[in-house]
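Letters A, B, ... are given to chains in the order of the sequence lines, protein chains preceding strands, and every chain is numbered from 1.
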2 protein chains.
Amino acid sequence: MISTQEQRQLIIHHPMFSHFTEKALEELLADAQPRDYPAQALIQRQGDPAERFYLVQSGKVKLFRISADGKEKVVEIIPAGRTFAEAVMFMQRSVFPVCAEALEPVRLIGFSNRLMLRHLEQNPQTCLHLLGHMSVRLHQRLDELETLTLQNATQRLALYLVSQVRDRGAESAEIELALPKSLIAARLSIKPETFSRAIANLRDRGLIDSRARVISIPSIQNLLDEFAEGQTPGPDYKAGVIATDKP
Amino acid sequence: MISTQEQRQLIIHHPMFSHFTEKALEELLADAQPRDYPAQALIQRQGDPAERFYLVQSGKVKLFRISADGKEKVVEIIPAGRTFAEAVMFMQRSVFPVCAEALEPVRLIGFSNRLMLRHLEQNPQTCLHLLGHMSVRLHQRLDELETLTLQNATQRLALYLVSQVRDRGAESAEIELALPKSLIAARLSIKPETFSRAIANLRDRGLIDSRARVISIPSIQNLLDEFAEGQTPGPDYKAGVIATDKP
DNA sequence: CGGCACATTGAAGCGGCTCAACATCAGTGG
DNA sequence: CCACTGATGTTGAGCCGCTTCAATGTGCCG
């Protein structure tokens, strides 16, 4: 059960719930479970049965996969205000596909999958919103797949830095790393040592300037030009083969 | 406009359309565009505006990304009977995130995104089906992400071989590669040479037996044990940190 | 049979990893 | 206030896996 006004506001204004009727909302809220986790707590384990999805009220959550030999792959860092594990509820066998860990003290609000599904059946608007949301996620995974296979460590770092720039379209920028470098390294699937060397590499070449956690980029364009991002191929790519119009 | 009975049957029985009313279906069918492509034809380019999604009537379609320096990453191979680019219609800026190429002579049926969205607004059942579909896709991408970062080339190949086994749960199996080895290599993000060496590696160790395009696996379990798949960590993983129940 | 695409095998190179030492900084307690 | 400590970040050296380049082998269709 949700108690505080702060929680109500957070939920009500979240796009996931904004199309619901008053009644449906009340039902979901009545069933919602707030829960606190200390830093480093394991919130869920991959393979656990999933009966709820979560909204992060405060703190940051790390989603990751872990392989049999103990190596982990950081999939995503969920900041406050965002939901996670919402895609799981649409699968037949509902188990968490990833582990979740609290990076800092975290407060979550858990919603019942069963209840949510029941309301979705009568609310195409929210379904469409969710579809949009999941399309974006799918697209992001695609970007990451490409980045991982087509770009080397330094390029991945450069793209990450650019993605952290708040002011889109600015010429230059100064950013402060929101996470420990070792975590960013994990997010980029590189080792901390390699991360450090990549930073040094960019610094030596004058593309960035780094002082501790603050990194300034004299020219964002230069950084991007150097490591051309996954853009559409030139217009002359494999030109010539055209489709026939009708079967 | 759809003409042949064969096409109608294919469409009507596809889960994407199975919940639609007769009337909605007729509207979609009236607008559907069949189209043929010769082998190697470029069907769509990443960045192209997307106004339709496609059902593959016959042939195979390769979805891939291409980077500025020409390296390509094969994202997926779509066989006959499946749709692609259906996730794009839910995004604001509707452009194809990948290139598509006909691996063989291909016949596609294209459906209007606009029309489909309009019908989805009145059909939560299909929305939910689509959500389920996209959850699975999201999950698959996750698997691939993990496989790419956590497993080496030989392990990836082993997992691929196992995934190609038709008879789930059988002790041993014999499979015939449905695609040229160089394409499978690309799908696994390894070079053909490495693919070849990986096959040789498994053969030398008695885990598989390969004669040209036919590969037999004496014991599927052995193959999996060797390269323990991304399974849930042992029950003792980071035990101890428990959540407090209430805020 | 020739020709060509596909596949295999060898040798060398390179990028990122591992291991190890050292630096830096924050927090702690004397 | 400073010495101690542990976490985090940096730097160096060597190694390993995959790629690259190049040569050779194999199968298919003219």
Side-chain angles (χ1 to χ4, degrees), chain A residues 38-40 60 62 67 69-74 101 103-104 147-161 175-205 208-215 226-227, chain B residues 39-40 60 62 67 69-74 101 103-104 147-161 176-205 208-215 226-227:
Chain A
Q40 271 77 51
K60 287 195 183 71
K62 176 177 82 171
S67 70
D69 55 347
K71 285 187 295 190
E72 78 171 42
K73 158 70 187 162
V74 176
E101 185 186 300
L103 284 178
E104 1 178 315
T147 302
L148 272 175
T149 54
L150 264 33
Q151 259 124 14
N152 66 25
T154 311
Q155 292 173 319
R156 296 211 290 277
L157 170 60
L159 289 179
Y160 174 81
L161 292 179
I175 58 185
E176 176 158 6
L177 302 179
L179 301 167
K181 293 188 179 179
S182 54
L183 226 181
I184 299 175
R187 187 69 251 285
L188 298 173
S189 291
I190 57 185
K191 298 292 148 185
E193 296 95 324
T194 306
F195 181 91
S196 192
R197 286 184 240 271
I199 288 276
N201 181 1
L202 292 179
R203 194 185 331 102
D204 291 350
R205 293 161 59 187
I208 65 170
D209 202 2
S210 79
R211 300 176 299 283
R213 319 195 54 66
V214 180
I215 292 183
E226 197 72 17
F227 306 115
Chain B
Q40 271 75 50
K60 287 196 184 71
K62 176 176 81 170
S67 70
D69 55 345
K71 286 187 295 189
E72 79 171 43
K73 159 68 186 163
V74 175
E101 183 186 300
L103 285 178
E104 2 177 316
T147 302
L148 272 175
T149 54
L150 264 33
Q151 259 123 13
N152 66 26
T154 311
Q155 291 173 320
R156 296 213 289 278
L157 170 60
L159 288 179
Y160 175 81
L161 292 179
E176 176 157 6
L177 302 180
L179 303 167
K181 293 187 178 180
S182 54
L183 226 181
I184 299 176
R187 186 68 249 286
L188 298 174
S189 291
I190 56 184
K191 298 292 150 187
E193 295 95 324
T194 307
F195 181 93
S196 193
R197 286 184 242 268
I199 289 276
N201 181 358
L202 292 178
R203 195 186 330 103
D204 291 350
R205 293 160 60 187
I208 65 169
D209 202 4
S210 79
R211 301 175 301 281
R213 320 197 51 67
V214 181
I215 292 182
E226 198 71 18
F227 307 115

Could you go through A/Asn201 and A/Arg205, starting from their C-alpha distance and side-chain angles, then the distance that decides it, and tell me whether this counts as side chain to side chain contact (heavy atoms under 4.5 Å, CB included)? CA-CA 6 Å; A/Asn201 181 1; A/Arg205 293 161 59 187; 3.0 Å; yes
Nearest heavy-atom pair of [X] and [Y]: which atoms, and what distance?
X: A/Leu150; Y: A/Gln155; result: O-OE1, 4.2 Å
X: A/Leu103; Y: A/Ala39; result: O-CB, 4.2 Å
X: A/Ala178; Y: A/Lys60; result: O-NZ, 4.3 Å

Provide, to the nearest angstrom, the distance between the [atom1] atom belonging to [X] and the [atom2] atom belonging to [N].
X: B/Arg203; N: C/dA7; atom1: CZ; atom2: C1'; value: 11 Å
X: B/Leu183; N: C/dA7; atom1: CG; atom2: C1'; value: 14 Å
X: B/Lys71; N: D/dT19; atom1: NZ; atom2: P; value: 10 Å
X: A/Phe195; N: C/dT18; atom1: CZ; atom2: P; value: 17 Å
X: A/Arg211; N: C/dT24; atom1: CZ; atom2: C1'; value: 17 Å
X: A/Ile215; N: D/dG9; atom1: CD1; atom2: P; value: 11 Å
X: A/Lys181; N: D/dT10; atom1: NZ; atom2: C1'; value: 9 Å
X: B/Leu177; N: C/dC6; atom1: CG; atom2: P; value: 15 Å

For the side chain of [X], counting heavy atoms from C-beta on, which of [options] is nearest?
X: B/Lys191; options: C/dA7, D/dT20, D/dT11; answer: D/dT20
X: A/Ser196; options: D/dT10, D/dG9, D/dT20; answer: D/dT10
X: B/Thr194; options: D/dC18, C/dG15, D/dG9; answer: D/dC18
X: A/Arg197; options: D/dG9, D/dA13, C/dT9; answer: D/dA13
X: B/Arg213; options: C/dA7, C/dG16, C/dT18; answer: C/dA7

Under 4.0 angstrom, heavy atoms only, what part of the nucleic acid is B/Ile190 near: base, sugar-phosphate, or nothing? sugar-phosphate
Looking across every strand, which nucleic acid part, if any, lies under 4.0 Å from A/Pro180 by heavy atom: base, sugar-phosphate, or nothing?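 Touches sugar-phosphate only.
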Stepwise side chain to side chain contact (heavy atoms under 4.5 Å, CB included) check, B/Arg156 with B/Leu159: CA-CA 5 Å; B/Arg156 296 213 289 278; B/Leu159 288 179; 5.9 Å; no
When the nearest nucleotide of DNA chain C is assigned to A/Asn152 and to A/Glu193 on a heavy-atom basis, which residue is associated with the more 5' position?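 The residue mapped nearer the 5' terminus is A/Asn152.
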